[in-house]
Structures are given as structure tokens and as C-alpha cells.
Amino acid sequence: MRVRRLAAWTALPLAVTLGLVACGSGGDGGSGESNPDAAVRIEIAEPQHLVPTNTNETSGSQVLAALFSPLVDYDEANKPYEMAAESVTSEDNTTWTVKLKDGYTFHNGEKVTADNYVDAWNYGAYAPNGQNSSYFFEKIAGYEDVQGETPKAKTLSGLKKVDDLTFTVTLSQPYSEFKTMLGYTAFYPMPKAAFSAPGVLAEGYEQAPVGQGPFKMKGTWQHDAKVEVEKYDAFPGEKPKVAGVEFRIYQQPTAAYADVLSDNLDVIKTVPTENLSTAGTDLGDRFKQSSASSLQVLAFPTFQKEFSNPDVRKAISMAIDRDEITKSIFKDSQQPARSFVSPVVAGYRDNTIGEAGEFDPAKAKSLYQAAGGPARIELSYNGDGGHKDWIDATCNQLKTNLGVDCVGTAEPKFADLLTKVKAKQPVGLFRMGWVMDYPSMENYLGPLYSSNGSSNYYGYSNPEFDKLVAEGTSAASEEEAVKKYQAAEDLLAEDLPVIPLRYGQNNFGHSTKVTNVEMDLFDRIDLLKIEAVK
């Protein structure tokens with residue numbers, strides 16, 4: 001979520017004890033020297049889940065990025081390199097051997113072994129466990145046997161332990177980008193203590209997840225308030241430069257922004273749209289911008305009769321003036337989007353939706369009426385994400401340009417919206433954001449639009465699309481894969497299950513109490529670089 005992560009926001013410590021000092025608790029101007037004994041406070045929204053195989057949104061992923069270390073990370077060219085893995089190799093793109101670095105331990109002292117990866121991935125893939133990221137194990141042999149209400153098997157036949165620090169992954173078909181996937185949240189390991197029995201998650205694990213990363217939980221998840229972590233001294237990788245992090249949960253981004261201005265919060269990951277025009281003056285050089293992989297869309301419940309006709313969807317797209325909303329609401333801090341993948345990945349093409357991306361009110365109204373579009377449109381969004389302004393502006397355009405009644409409906413939290421759309425409750429059109437999980441065109445297509453995609457909340461299903469994505473994943477080279485993915489994207493442009501609206505850009509800010517604040521392409525603050533200052 002993230003990117004792969006579903007993005008909650010369009011755009012989160014208390015004074016800590018045990019020797020840690022909240023960096024915002026002072027405020028005397030300070031020396032500017034790094035303070036490794038201080039904790040920092042970072043804004044997030046309420047996570048939906050904190051189990052690696054069940055977390056597919058950006059707030060939960062930010063917390064898990066503190067608690068876990070991935071097998072691979074990505075360099076500046078978005079190429080994977082080993083982190084917790086010593087090596088990830090394959091001679092045929094089908095059977096992959098993963099060797100783990102020695103010396104990693106979980107926060108409860110358990111040594112990290114191959115079993116921890118095999119057990120966690122089997123738990124995530126097993127359909128009755130209902131994990132949001134089950135889809136990510138689809139490429140591993142035996143996945144079909146662990147699907148359905150009464151699966152044929154409980155574990156993936158493609159996972160084999162070789163020794164304590166080595167395991168193999170056999171895929172159902174070749175996939176040249178498998179190593180690239182392994183930086184994603186779903187592929188973190190879980191300790192034996194996470195399970196009360198083989199394949200059964202222990203009660204309470206999610207409230208205090210035990211990882212093998214640079215930080216460990218400090219207490220338990222305090223819902224709608226905070227999640228606190230502190231430095232794990234036995235972590236063998238790069239050490240954090242702060243003693244801990246308080247992920248502070250906000251309902252409204254404007255409240256978080258006010259707290260950053262008063263140094264009561266250290267980092268806001270997304271400056272609210274209403275503050276974008278003054279952020280440079282408010283924060284000076286503490287207002288930061290950087291590249292992002294996010295894509296904002298309006299999604300259709302294609303399973304509902306009133307939105308089942310692609311012409312209705314196309315007409316709504318043509319009735320929205322992306323350029324005007326990007327300029328007036330977002331102050332050009334984002335870019336209008338007319339494709340389904342981000343410019344940050346190989347294979348991106350500009351304007352793949354063609355005419356559907358053109359603002360043409362007259363043609364949109366004619367097409368909408370001819371296709372029998374509904375007289376009333378509801379746009380649902382999460383109220384904790386700063387989306388009200390652009391949703392209202394979009395509704396106003398639809399009223400004017402299509403002659404329909406339109407209303408924006410806020411769900412209290414992003415987690416609430418996800419729960420409703422997953423249950424196919426009638427919420428009308430709904431906003432959705434996507435932050436890539438790993439740098440590949442496939443990541444913008446497979447999880448979101450495949451018939452069994454983990455984040456296909458729209459009910460979209462096109463067998464030819466599924467076939468092309470599958471052919472792309474099994475292609476022998478990246479170049480061949482991109483051709484298949486582009487052909488699949490062309491089908492999306494015809495079917496339009498969602499309307500691409502804007503490519504994101506990180507617009508974030510920080511207090512006077514921290515420095516070296518950076519955000520990555522996955523909507524996450526780099527927790528190994530951030531420093532508190534005295």
C-alpha cells in the first residue's frame with residue numbers, strides 16, 4: 001500500500017519514560033545537535049490491521065516498517081537489494097532460493113529462521129484466515145489448494161525449508177520479478193510466538209506485533225490514539241538514530257498540521273490541501289516535497305446495475321475537469337492522471353484512457369443520458385483523509401455537467417470505508433488511492449483489477465485482462481512483461497472500472513525538533529534517517 005498500500009490520505013509522542021525524551025517536549029530553541037535519546041512523533045491514520053499478511057494500507061504499513069526488516073529493499077533506480085536476505089537467486093525464474101542473514105532475532109529473543117517465513121506465508125495464503133494480502137502468494141505453487149471455504153491443503157506446496165537459514169520458493173510458473181516483490185509487507189516473517197497452534201494466530205498478537213526490525217513495540221496498540229515503538233538494541237542492521245517513535249493517530253489532518261506548527265507533533269506525512277498554499281510560509285524549509293508512487297482514483301462498484309455500463313463510467317470521467325481541480329484544490333502539488341500506472345515505473349505511458357480523460361461536458365452529458373446513468377450519484381470517502389474539498393468540487397462538476405444530484409458521504413475512517421466496500425455495501429462511487437508495493441507495472445494492475453486481486457473492491461472481472469497480466473508475470477524478461485502489461489492496461493481503458501484522477505507527490509512537513517526527514521515512494525517516513533535535535 002504501499003503501497004502496496006491503499007492510501008488513506010490525500011496528501012502523526014507523548015513524553016516517554018524509561019529514559020526516552022519526546023523531542024517536542026522541550027522547545028527552548030536548542031543546540032541543533034542530534035539527540036539519539038529522543039523519540040519522535042509521526043502522524044498516521046488509524047491502521048486497519050497490524051498483521052503483515054493483513055496490512056494493505058499506508059498507516060499500518062508505516063508502523064510495520066518500524067517493527068520488521070524486509071528481505072529486500074530498493075535502490076535509487078528501484079532495483080531490489082538484499083536486507084534481511086543474504087541472497088535471493090534463481091536459475092529458471094521458477095524455483096527461488098532465499099538465504100537469510102545470520103544474527104537476526106525477533107523482539108522476544110527468538111532466532112529468525114526459514115521456518116518463520118514459511119509459517120507466516122502459509123498463514124497469509126490460507127483462505128479461511130481471510131488475510132487482505134493473501135493474493136500476494138498466488139504465484140507460489142499450491143496456492144489454489146489453500147483457497148476456498150474448505151481448502152484441499154493447509155500449506156503451500158511451493159515452500160520448502162532447506163536448513164535453518166535457507167528455504168526455497170517454487171512458483172506455479174516463471175516470474176522474473178519475484179525478488180522485487182519480496183520488499184512488500186506481506187513477506188515479513190512472524191515468530192513462533194505469533195501462533196497459538198500451527199496456522200492459528202495467537203490472540204492478542206495484532207495488538208503488540210513482534211517483529212525482527214529496528215524497533216520493537218512499547219506497550220500495545222492504543223486504538224484511535226497511538227502506537228509506540230522503541231529502538232531494538234539487538235537489531236543487526238543499520239541502527240536508528242532515534243530512541244523511539246510514537247505513531248500518533250489523527251482523525252483530521254488539519255489537527256495534525258496545527259500540531260506540527262506548534263511543535264507538538266514532529267512529522268505530518270501529508271500537508272492538508274487547505275494548507276498547501278501557505279505551507280511554504282508556515283514551515284519554510286521544513287515544508288518538503290518529493291516523488292511519490294501514489295495514484296488517486298474514483299472507483300465504481302461495477303457489480304451494481306447503475307454502474308455496470310462502461311459508457312456511464314466514461315461519461316462521468318469526461319464530466320470531471322481534472323486539471324481545474326488539481327490547480328484550484330491541490331495548488332498544482334499533484335499531477336492530473338489519465339493512465340492506470342504511475343510515471344515512476346517502467347512501462348508507463350501518458351494518457352492511456354484517451355477520450356475518457358478529456359473534459360467534454362456536452363459529450364459527457366449526451367453519453368450519460370444515452371447510457372441511462374443514475375439521476376443521483378453518491379461519492380463516498382474516508383473523513384480522516386482530507387478528501388472533502390476535492391470530493392465536493394467533483395460533485396459540483398457532476399451536478400453542473402451531467403445534470404445529476406450528487407452528494408459526498410464521509411465514512412469516519414479509511415478502515416470503515418474499506419470494510420464497507422469489501423462487504424459490497426452500497427456506497428456509490430468511492431475514492432481510492434494506491435501506493436505501489438514494489439516497483440513494477442504489474443503491481444498497479446494485478447492486485448487492483450484481477451478477478452481475484454487482493455484490492456479489487458470494484459468487482460471488476462475480465463478474463464482477457466487476467467490472461468494478459470498472467471502472461472506478463474511469466475514473461476522471460478522485463479521488456480516482454482511490459483508489453484503484456486500495457487495490453488492489459490489498454491483493456492482497462494476500455495472498461496474503466498475506476499477513473500484515474502491524480503498522480504501524487506509527497507507534500508510533508510516537520511517540526512523544529514527533527515531533521516533528515518525523508519519520505520519514500522511508498523508513502524513512508526524513512527525511520528533510519530530521521531533524527532531528533534537538542
Side-chain angles (χ1 to χ4, degrees), residues 44 46-57 59-71 84 100 104-137 140 142-143 146-147 149-151 153-156 159 161 164-165 167 184-235 244-245 247 249 415 418-419 422 454:
I44 60 172
E46 170 77 352
Q48 187 184 31
H49 292 289
L50 288 181
V51 173
T53 53
N54 211 17
T55 299
N56 65 345
E57 45 76 30
S59 293
S61 295
Q62 174 74 78
V63 174
L64 294 185
L67 298 174
F68 292 86
S69 180
L71 287 168
L100 305 176
Y104 276 76
T105 58
F106 287 103
H107 304 146
N108 62 354
E110 283 185 46
K111 180 179 173 65
V112 178
T113 71
D115 286 326
N116 301 121
Y117 287 89
V118 172
D119 292 346
W121 297 9
N122 277 326
Y123 175 80
Y126 188 60
N129 292 330
Q131 299 294 282
N132 282 324
S133 296
S134 175
Y135 166 89
F136 280 85
F137 305 100
I140 301 175
Y143 180 79
V146 299
Q147 298 303 294
E149 294 183 3
T150 54
K154 288 190 173 182
T155 58
L156 294 161
L159 295 179
K161 173 185 176 181
D164 280 352
L165 293 178
F167 64 102
Y184 181 57
T185 309
F187 296 100
Y188 294 152
M190 288 199 289
K192 293 190 179 301
F195 301 98
S196 58
V200 180
L201 193 69
E203 185 177 356
Y205 175 79
E206 184 167 23
Q207 305 311 310
V210 176
Q212 40 60 288
F215 295 92
K216 62 181 180 180
M217 286 290 290
K218 184 169 182 286
T220 60
W221 176 7
Q222 297 182 38
H223 292 269
D224 297 314
K226 63 179 178 177
V227 180
E228 285 187 275
V229 301
E230 58 188 345
K231 186 165 64 176
Y232 178 52
D233 292 332
F235 181 66
V245 182
F247 298 104
I249 298 168
L418 290 180
T419 299
K422 188 174 183 179
S454 60

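- The closest side-chain heavy-atom distance from L100 to L71 is below 4.5 Å.
- Checked by atom type and distance alone, the side chain of N116 pairs as donor or acceptor with a backbone atom of T113 at under 3.5 Å.
- Side-chain N/O atoms of S134 and Y143 include a donor and acceptor closer than 3.5 Å.
- Separation of atoms OG1 (T55) and CZ (F68) is listed at 9.0 Å; rounding is to 0.5 Å.
- For an aromatic pair to be called close, the ring centres must be under 6.0 Å apart, and Y104 with F235 satisfies this.
- A side-chain donor-acceptor contact under 3.5 Å links N122 to the backbone of L156.
- Once rounded to the nearest 0.5 Å, the distance linking OG of S133 with NE2 of H49 reads 10.0 Å.
- Side-chain contact, T105 with Y232: a donor N or O sits under 3.5 Å from an acceptor N or O.
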Report task. With side-chain contact (heavy atoms from CB on, under 4.5 Å) as the test, would you mind laying out the steps for T419 and Q48 before giving the verdict? Result -> CA-CA 9 Å; T419 299; Q48 187 184 31; 3.9 Å; yes

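- Taking OH from Y188 and CG from L64, the interatomic distance works out to 6.5 Å, rounded to the nearest 0.5 Å.
- The closest donor-acceptor contact from the side chain of E57 to the backbone of G60 lies under 3.5 Å.
- Atom OH in Y184 sits 5.5 Å away from atom CG in N56 (nearest 0.5 Å).
- Around atom NZ of K111, more than 12 heavy atoms belonging to other residues, nucleotides or ligands sit under 6.0 Å away.
- For the pair N54 (side chain) and N132 (backbone), a donor-acceptor distance under 3.5 Å is present.
- Separation of atoms OG1 (T155) and CD1 (I140) is listed at 11.5 Å; rounding is to 0.5 Å.
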Requested in this report: Apply side-chain hydrogen bond (donor to acceptor under 3.5 Å, both in side chains) to Q207 and H223, showing your working.
Outcome: CA-CA 9 Å; Q207 305 311 310; H223 292 269; 2.7 Å; yes

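- Note: Y117 and F187 fail the aromatic proximity criterion, with ring centroids not under 6.0 Å apart.
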Requested in this report: Would you sort out whether D224 and E46 count as a side-chain contact (heavy atoms from CB on, under 4.5 Å), showing the intermediate values?
Outcome: CA-CA 6 Å; D224 297 314; E46 170 77 352; 3.6 Å; yes

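- Checking side-chain atoms of E230 against main-chain N and O of G244 turns up no donor-acceptor pair under 3.5 Å.
- Remark: side-chain polar atoms of Q131 are not paired, donor with acceptor, to backbone N or O of Y123 under 3.5 angstrom.
- For the residue pair A208 and G219, the shortest heavy atom distance occurs at CB-O, 4.0 Å.
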Query raised in the report: Under the side-chain contact (heavy atoms from CB on, under 4.5 Å) criterion, do V229 and F247 qualify, and how do the steps go?
Result: CA-CA 8 Å; V229 301; F247 298 104; 4.0 Å; yes

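- Scanning all heavy atoms of the two residues, the minimum distance from K192 to D115 falls at NZ-CB, 4.0 Å.
- Residues P47 and W221 share a closest heavy-atom pair of O-CZ2, 3.5 Å.
- Residues F137 and A186 approach most closely at CZ-O, 3.5 Å, considering heavy atoms.
- Atom CG in D119 sits 9.5 Å away from atom NZ in K161 (nearest 0.5 Å).
- Counting heavy atoms from C-beta on, the side chains of P52 and M190 come closer than 4.5 Å.
- Remark: side-chain polar atoms of Q147 are paired, donor with acceptor, to backbone N or O of A125 under 3.5 angstrom.
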Requested in this report: Might you work through the ring pair (Phe, Tyr, Trp, His ring centres under 6.0 Å) test for W121 and F167, ending with a clear yes or no?
Outcome: CA-CA 12 Å; W121 297 9; F167 64 102; 5.4 Å; yes

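- Side-chain contact, K216 with N108: no donor N or O sits under 3.5 Å from an acceptor N or O.
- At least one donor-acceptor pair closer than 3.5 Å links the side chain of Q212 to the backbone N or O of S69.
- By the 4.5 Å heavy-atom criterion applied to side chains, M217 and V210 are not counted as neighbours.
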